[in-house]
Protein chains: 2
Amino acid sequence: MPEAPYAYDGLDRVLHERARLSLLTSLAAHPKPLAFADLKQLCGLTDGNLSRHLGVLEEAGLVEIRKGYEGRRPLTTCRLTPAGRQRFVDYLTVLERVVRDAAEAARQGQVDGDPEPLPA
Amino acid sequence: MPEAPYAYDGLDRVLHERARLSLLTSLAAHPKPLAFADLKQLCGLTDGNLSRHLGVLEEAGLVEIRKGYEGRRPLTTCRLTPAGRQRFVDYLTVLERVVRDAAEAARQGQVDGDPEPLPA
DNA sequence: CGGCGTACTTTGCATCAGAAAGTTGATGCA
DNA sequence: TGCATCAACTTTCTGATGCAAAGTACGCCG
């Protein structure tokens, strides 16, 4: 019986990553597509990192990237795909469980006795 | 004004990692030290990975590892340090915020209109 | 027409998670 | 006793990857 109550398999590495988590949250929060520069600002990322992480998210089918123009300047915009939104929600469910488990745990184990030197 | 509301700086990479998060939660949940084999079971990790991640956590001062014997078999036990518990709690605070932001966001942005082809 | 700024992309490096192989020593058994 | 097995870890290796720095392309200003 391989019970592994704390294994948290649902923490997909594509989503469970600071920068990407940040991007997805930003995107989820804004119904309209967001521009490259907006995301950069919202998530505090450098151009290079943003480009890279967006690439990863697109590759995984989580976001849709559209390269167009505003006037005659290039403007890259980005939105969640429906599948992306779903996976994000699923991920969040797991994350909620983690937080619940952990918060509970942290409270419970608060008074951790003295370091007894192990009977043997 | 570098506002980056979704930057989540508090998501320390040492903690924000599936295996390690799993380990810390296990440890936080159990007031008594846990044995290597217990952690392996609880977190669904292989020997090698467990060893590696425990090493990282110890290096970072988050856990204390004690190598002893039970009878005459080696028995490695592990517990959170006070500092470790604190950092875990801090991390959880950020994670809670992420979940809150994101859950809110996911609900809000639910009805994402059709993919309008960008005026230009 | 030459430098500057915007808007990204590409490259390179250093780290690191996970898998596989190795180590040490106790126990079973013939 | 000698050999094989198993338990409990550790070490090594390799591919992936996050981040930073350099690079590209193009419009705009003077």
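Chain letters run A, B, ... following the sequence lines, proteins first, then strands; residues in each count from 1.
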Checklist entry - Starting at the 5' end of DNA chain D and moving along, which residue's nearest nucleotide shows up first, B:T76 or A:R52? => result B:T76

Next on the checklist: Closest-nucleotide mapping onto DNA chain C: is B:V56 or A:A35 further toward the 5' terminus? I mean the 5' end.
Outcome noted: A:A35

Item to check | For atom CG of B:L50 and atom P of C:dA17, their distance in whole Å | outcome: 13 Å

Checklist outcome for this item: Here the distance between atom C1' of C:dT10 and atom CG of A:L54, to the nearest Å, is 15 Å

Item to check | B:H53 NE2 to D:dT10 C1', straight-line distance once rounded to whole Å | outcome: 14 Å

Next on the checklist: Contact between B:R20 and B:L62 at the side-chain level, heavy atoms closer than 4.5 Å - yes or no?
Outcome noted: no

Checklist entry - Should C:dA30 form a Watson-Crick or G-U wobble pair with both distances under 3.5 Å, which nucleotide is its partner? => result D:dT1

Checklist entry - Whole Å only: how far is the CG atom of B:N49 from the P atom of D:dT14? => result 17 Å

Next on the checklist: Checking contacts here: which listed nucleotide (D:dG18, C:dG18, D:dC9) is nearest the side-chain heavy atoms of B:D47?
Outcome noted: D:dC9

Item to check | B:S51 side-chain N/O to D:dC9 phosphate OP1/OP2 under 4.0 Å | outcome: no

Checklist entry - Has B:R72 got a side-chain N or O lying under 4.0 Å from the OP1 or OP2 atom of C:dT27? => result no

Checklist entry - Using a cut-off of 4.0 Å on non-hydrogen atoms, how would the nucleic acid contact of B:R13 be classed: base, sugar-phosphate, or nothing? => result sugar-phosphate

Item to check | Atom pair distance, as rounded to whole Å: CG in B:L45 and P in C:dA19 | outcome: 10 Å

Checklist entry - When you measure from the side chain of A:S26 to the backbone N and O of A:S22, does any donor-acceptor pair fall under 3.5 Å? => result yes

Item to check | Co-membership, hydrophobic cluster, residues A:V89 and A:L21, 4.5 Å side-chain | outcome: no

Checklist entry - If each of A:R73 and A:T46 is mapped to the nucleotide of DNA chain D with the nearest heavy atom, which maps nearer the 5' terminus, i.e. the 5' end? => result A:T46

Next on the checklist: C:dT9, OP1 or OP2 - any side-chain N/O from A:K67 closer than 4.0 Å?
Outcome noted: yes

Item to check | Value in whole Å for how far the C1' atom of D:dG18 lies from CG of B:L11 | outcome: 15 Å

Item to check | Gap between atoms CZ and C1', on B:F36 and D:dC6 respectively (whole Å) | outcome: 16 Å

Next on the checklist: Nearest whole Å is fine: how far is D:dG18 C1' from A:H16 NE2?
Outcome noted: 14 Å

Checklist outcome for this item: Of the listed C:dC8, D:dC19, D:dC28, the closest approach to the A:P74 side chain comes from C:dC8

Next on the checklist: Any non-hydrogen side-chain atom of A:T25 less than 4.5 Å from a side-chain atom of B:Y8?
Outcome noted: yes

Checklist entry - Taking the side chain as C-beta and beyond, is there a heavy-atom pair between A:Y6 and B:L39 under 4.5 Å? => result no

